[in-house]
Asker: 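Dropping the structure in here first, questions after.
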Amino acid sequence: MKALSSFAIAATVIIASPVAAQALSPSDFVTKAGASDLYERTSSKLVLETTKNQKIRQFAQMMITDHTKSTNDVKMAAKQAGVTPPPPALDADQSRMVAELRQARGEARDQAYVTQQKAAHQKALALHQGYAQSGTAAPLKAVAAKTAPVVQHHLEMLNGM
């Protein structure tokens with residue numbers, strides 16, 4: 001029964017995956033990538049205000065640098081693809097996670113940050129890999145393919161924390 005339950009959960013995750021369900025439009029990809037990068041920068045700036053953990057401090061600074069670069073790369077590719085990038089905005093889940101970080105203090109904030117980063121990077125990796133494979137705008141596909149390994153590296157670092 002337990003194995004069946006695990007299988008059902010895994011199947012639900014695969015079926016519910018937006019990337020697996022259908023390819024994103026170029027505009028939707030740009031919007032989601034912008035929100036993802038904005039969350040990374042916002043949450044990292046928050047944790048930098050208080051963390052005493054040097055590993056987390058270095059990681060957060062890298063998130064600001066790398067996700068600023070990926071935002072700029074996506075914006076340039078969007079323009080090449082004829083898509084006007086909207087100003088980045090957090091989605092409801094990202095807003096909730098930032099609010100949780102604002103309320104957390106000390107090591108609890110550090111722990112929440114790492115947990116949230118793992119989830120956010122898994123979602124970002126699926127977004128970029130999915131668009132690199134199934135996207136319809138060549139400049140955006142190229143940026144997604146270039147960004148996915150960077151996001152994968154971030155995940156590997158997080159898993160080592």
Side-chain angles (χ1 to χ4, degrees), residues 9-51 56 59-79 81-104 108-137 139-155 157-159 161:
I9 291 169
T12 302
V13 169
I14 291 169
I15 292 168
S17 170
V19 176
Q22 62 182 333
L24 291 174
S25 72
S27 178
D28 286 345
F29 171 74
V30 170
T31 298
K32 288 181 182 298
S36 176
D37 284 340
L38 179 60
Y39 165 76
E40 296 297 344
R41 292 190 312 270
T42 302
S43 61
S44 295
K45 287 175 185 175
L46 266 172
V47 82
L48 279 173
E49 292 174 2
T50 59
T51 190
I56 290 177
F59 182 81
Q61 190 57 57
M62 184 175 62
M63 292 306 91
I64 294 167
T65 301
D66 288 357
H67 289 281
T68 297
K69 181 183 182 327
S70 62
T71 293
N72 291 334
D73 291 348
V74 169
K75 282 181 181 179
M76 287 189 336
K79 288 178 184 171
V83 175
T84 303
L90 298 176
D91 67 24
D93 285 339
Q94 293 161 335
S95 294
R96 179 190 49 77
M97 290 190 301
V98 168
E100 286 175 9
L101 284 178
R102 286 188 203 284
Q103 291 178 348
R109 180 181 277 181
D110 289 355
Q111 290 172 350
Y113 174 75
V114 171
T115 300
Q116 289 181 8
Q117 288 296 310
K118 286 178 183 179
H121 276 83
Q122 289 167 346
K123 190 173 176 181
L125 183 60
L127 173 71
H128 288 284
Q129 286 177 335
Y131 199 83
Q133 290 175 346
S134 305
T136 57
L140 291 168
K141 283 182 73 157
V143 166
K146 184 175 87 171
T147 303
V150 176
V151 175
Q152 179 66 51
H153 175 67
H154 294 166
L155 257 176
M157 291 179 73
L158 284 161
N159 288 329
M161 287 186 173

Asker: What distance do D66 atom CG and R41 atom CZ have between them, rounded to the nearest 0.5 Å?
Answerer: 11.5 Å
Asker: How many angstroms lie between atom CG of D110 and atom CD1 of I56, to the nearest 0.5 angstrom?
Answerer: 4.0 Å
Asker: I'd like to check the salt bridge (charged side-chain N to carboxylate O under 4.0 Å, His left out) partners of K69; sequence neighbours left out, ordered by chain and number.
Answerer: D73
Asker: Under a 4.0 Å threshold between the charged nitrogen and the carboxylate oxygen, would D37 count as salt-bridged to K75?
Answerer: no
Asker: Are S95 and Y39 packed together at the side-chain level, in the sense that at least one heavy-atom pair is separated by less than 4.5 angstrom?
Answerer: no
Asker: Can you give me the closest heavy-atom contact between A148 and L125, atom names plus distance?
Answerer: O-CD1, 3.4 Å
Asker: For the residue pair V98 and L46, establish whether any side-chain heavy-atom pair is separated by less than 4.5 Å.
Answerer: yes
Asker: Check for a donor-acceptor pair, side chain of Q94 on one end and backbone N or O of D91 on the other, with a separation under 3.5 Å.
Answerer: yes
Asker: Atom NZ of K123 and atom OG of S36: how far apart are they, to the nearest 0.5 Å?
Answerer: 8.0 Å
Asker: Out of T71, N72, T65, which residue meets the side-chain contact (heavy atoms from CB on, under 4.5 Å) rule with T68?
Answerer: N72
Asker: Does the distance from a Lys or Arg side-chain N to an Asp or Glu carboxylate O, for E100 and R96, drop under 4.0 Å?
Answerer: yes
Asker: Rounded to the nearest 0.5 Å, how far apart are OG1 of T51 and CZ of F59?
Answerer: 12.5 Å
Asker: How about L24 and L127: do any of their side-chain heavy atoms sit closer than 4.5 Å?
Answerer: yes
Asker: Is there a side-chain contact between H154 and M62 (heavy atoms, below 4.5 Å)?
Answerer: yes
Asker: Taking all atoms of both residues into account, what is the closest heavy-atom pair of A60 and S44, and its distance?
Answerer: O-CB, 3.5 Å
Asker: Shortest non-hydrogen contact from A144 to Y131?
Answerer: CB-CB, 4.1 Å
Asker: Using the test side chain to side chain contact (heavy atoms under 4.5 Å, CB included), find all partners of T147 that sit at least two apart in sequence or belong to another chain.
Answerer: S70, H128, V143, V151
Asker: For a 4.5 angstrom cut-off between non-hydrogen side-chain atoms, does P85 reach V74?
Answerer: no
Asker: Give a yes or no on whether the backbone of E40 and the side-chain of S43 come within a donor-acceptor separation of less than 3.5 Å.
Answerer: yes
Asker: Heavy-atom distance under 4.5 Å between the side chains of M63 and Q117, does that happen here?
Answerer: yes
Asker: State, to 0.1 Å, how close L158 and K118 come at their nearest heavy-atom pair, and which atoms those are.
Answerer: O-CE, 3.4 Å
Asker: Heavy atoms only: give me the nearest L140-A78 pair and the separation to one decimal.
Answerer: CD2-N, 3.7 Å
Asker: If every non-hydrogen atom of A81 is compared with every non-hydrogen atom of A137, which pair is closest and at what distance?
Answerer: CB-CB, 3.8 Å
Asker: Are H121 and H67 close enough that their ring centers fall under 6.0 Å?
Answerer: yes
Asker: With rounding to the nearest 0.5 Å, note down the distance linking CE in M157 to NE2 in H153.
Answerer: 4.5 Å
Asker: Rounded at 0.5 Å granularity, tell me how far CD in Q116 sits from OH in Y113.
Answerer: 9.5 Å
